[in-house]
> 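The structure is given below, and queries will be raised subsequently.
Below, read A as the first sequence line, B as the second, and so on, with proteins coming before strands; counting in each chain starts at 1.
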There are 2 protein chains.
Amino acid sequence: MTDAAVAPVPVTQDGAEIAPGSSKSERSYTAIKARILEGSFTPGYRLVLAKIAADLGFSVVPVREAIRRLEAEGLVTFKRNVGATVSGIDPTEYLYTMQTLSIVEGAATALSAPLIDSVATARARAVNAHMRECLEHFDPVRFTALNQDFHSILFEHCPNPHILDLVHRGWNRLATLRSSTFRFVPGRAKESVLEHEALLQLIEAAADADTIERAARQHRIATLDAYLAHAPALTD
Amino acid sequence: MTDAAVAPVPVTQDGAEIAPGSSKSERSYTAIKARILEGSFTPGYRLVLAKIAADLGFSVVPVREAIRRLEAEGLVTFKRNVGATVSGIDPTEYLYTMQTLSIVEGAATALSAPLIDSVATARARAVNAHMRECLEHFDPVRFTALNQDFHSILFEHCPNPHILDLVHRGWNRLATLRSSTFRFVPGRAKESVLEHEALLQLIEAAADADTIERAARQHRIATLDAYLAHAPALTD
DNA sequence: ATGTACGAAATCGTATACGATACATCCTCC
DNA sequence: GGAGGATGTATCGTATACGATTTCGTACAT
């Protein structure tokens with residue numbers, strides 16, 4: 001579970017063994033996306049068609065298609081006749097993304113809550129406990145991964161796949177921040193763990209949808225607020 | 001405004017005059033999308049690469065790229081080695097889309113509300129009055145277009161473009177239903193007009209964000225509920 | 001020394017060609 | 001007469017080639 005969040009797709013250096021059955025276009029997409037999410041391709045990295053095609057052993061056409069798909073997801077920025085670069089995320093973009101995420105995560109949590117059984121809450125608690133450990137050992141990368149795992153458990157039986165898709169898109173968009181301390185605002189992580197516990201209690205108590213939605217939304221907003229409070233220091 | 005909603009992009013039969021400056025890939029995208037949204041390409045319509053390319057006077061490569069982009073937006077369904085068809089929207093898909101729309105529209109309305117001035121509310125009222133007329137003359141197509149115009153006015157200064165983008169995607173997804181009576185559930189249209197007025201009053205009264213969000217969300221949900229109540233009759 | 005014009009290199013955009021796949025049709029065999 | 005397989009056609013998937021555009025460095029003139 002956790003490993004999957006860090007490296008969702010197995011990738012070899014030459015990218016040849018990814019889902020051998022699917023098209024090269026598909027494999028290009030998967031390979032490039034994996035490298036962006038795992039951090040090999042950092043924001044600003046220039047994605048040169050011919051170079052990537054050579055790396056993967058494909059021609060440029062499928063690679064081009066893959067990059068356009070990634071553009072549609074906001075993971076890369078494309079400029080005509082110039083090329084594609086891995087999207088960065090400036091403070092404004094961060095704000096938009098976090099705000100949107102708060103809304104869709106809130107909705108996803110409220111919709112999923114009635115379907116979360118005691119086994120799932122137990123698993124979520126285990127992950128949350130693990131997060132607390134990461135906090136003590138100061139391991140922001142693992143903390144972030146576990147944070148996603150926690151919410152993924154809650155969303156496992158989300159009845160609306162569209163909303164879930166929006167959540168994932170937001171997460172992917174934020175993933176390019178992985179190696180920075182942008183998301184790890186001092187003091188927020190501890191609160192986050194506490195809020196997770198409070199959220200689980202609301203779910204177990206079968207609180208009404210509005211209450212759960214509000215709590216889940218606030219959980220994300222609080223991180224945004226913490227960032228905004230520190231913005232002068234974090235924005236260069 | 002209204003005309004724009006019905007035919008957002010001017011398209012000639014041969015598609016040659018769309019934004020002459022942009023790439024053929026871009027023009028293909030615009031042309032195909034326009035035809036889907038205006039209803040020339042109805043759900044289930046088979047998009048054959050070579051045929052479309054010939055129609056547009058381009059080669060298949062840019063057309064292919066355009067279709068993949070439309071796929072990412074959910075407007076067309078692509079099957080490997082088989083081809084693309086204009087996406088239909090079955091009852092389940094309709095439910096997902098409406099539910100998601102209710103959430104993002106609710107958020108968009110709440111975020112925009114403080115920025116809506118009296119000029120905008122007056123314009124919105126005019127559109128709403130026009131909708132009432134369409135109701136009397138039973139003009140579902142125009143009604144639907146005006147309905148979008150109404151909300152577009154509210155969202156004009158939406159501070160979060162990401163959320164606005166999600167709203168538009170939902171609208172586009174529903175647009176393939178244009179020529180059917182699917183969306184025009186008996187009795188709902190009248191309520192819709194009344195709800196618009198109520199929403200405007202909340203906005204003018206500077207009601208708190210939660211209240212406005214709830215009202216806006218409910219506005220969409222009510223249509224979904226009305227559909228669900230009639231589902232046995234409408235689902236064949 | 002600085003600004004401008006020119007040219008070369010890098011990279012993308014599109015066309016064309018051909019191989020691969022899937023689906024439909026028809027034929028054969030039982 | 002029906003079921004199974006072989007064949008044909010439509011269509012997609014990818015490679016390669018070349019033209020178009022941008023960018024950057026360099027040389028020249030001021």
> Less than 4.5 Å apart, side chain to side chain, heavy atoms only: is that true for B:P159 and B:L115?
yes
> Would you say the side-chain atoms of A:T77 and A:T85 include a donor-acceptor pair closer than 3.5 Å?
no
> Reading DNA chain D from 5' onward, which residue's closest nucleotide shows up sooner: B:V82 or A:P62?
B:V82
> Check every nucleotide of DNA chain C for an atom under 4.0 Å from a heavy-atom of chain B, then give the first and the last such nucleotide from 5' to 3'.
C:dT14 to C:dC23
> Checking B:H162 against A:E93: is there a side-chain donor and acceptor pair closer than 3.5 Å?
yes
> B:R80 has an atom CZ; how far is it from atom P of D:dT11, in whole Å?
18 Å
> Distance from A:T223 atom OG1 to A:Y94 atom OH, nearest 0.5 Å?
6.5 Å
> Figure out the NZ/P separation between B:K24 and D:dT21, and round it to whole Å.
11 Å
> Can you confirm if the NZ or CZ of A:R68 lies within 45° of the ring axis of A:F78 and under 6.0 Å from the centre of its six-membered ring?
yes
> Would A:R69 and A:E73 pass as an ion pair if we require N to O under 4.0 Å?
no
> Rounded to the nearest angstrom, tell me the gap between atom CD in A:E26 and atom P in D:dC12.
17 Å
> Select base, sugar-phosphate, or nothing to describe what B:V61 touches, counting heavy atoms under 4.0 Å on all strands.
base
> How many whole angstroms separate atom CG of B:N81 from atom P of D:dC12?
9 Å
> From CZ of B:R64 over to P of D:dC12, roughly how many Å is that when rounded to an integer?
9 Å
> Once you round to the nearest 0.5 Å, how far does NE2 of A:H130 lie from CG of A:D139?
8.5 Å
> Just to be sure I understand the rule, does B:L47 reach a base, reach only the sugar-phosphate, or reach nothing, if contact means heavy atoms closer than 4.0 Å?
sugar-phosphate
> Report for the helix from C:dA1-D:dT30 to C:dC30-D:dG1: angle between first-end and last-end helix axes, five pairs each, rounded to 10 degrees.
0°
> Please work out which of the three classes, parallel, tilted or perpendicular, describes the rings of A:H168 and A:W171, given edges at 30° and 60°.
perpendicular
> Using side-chain heavy atoms (C-beta onward) and a distance below 4.5 Å, is A:E65 in contact with B:R64?
yes
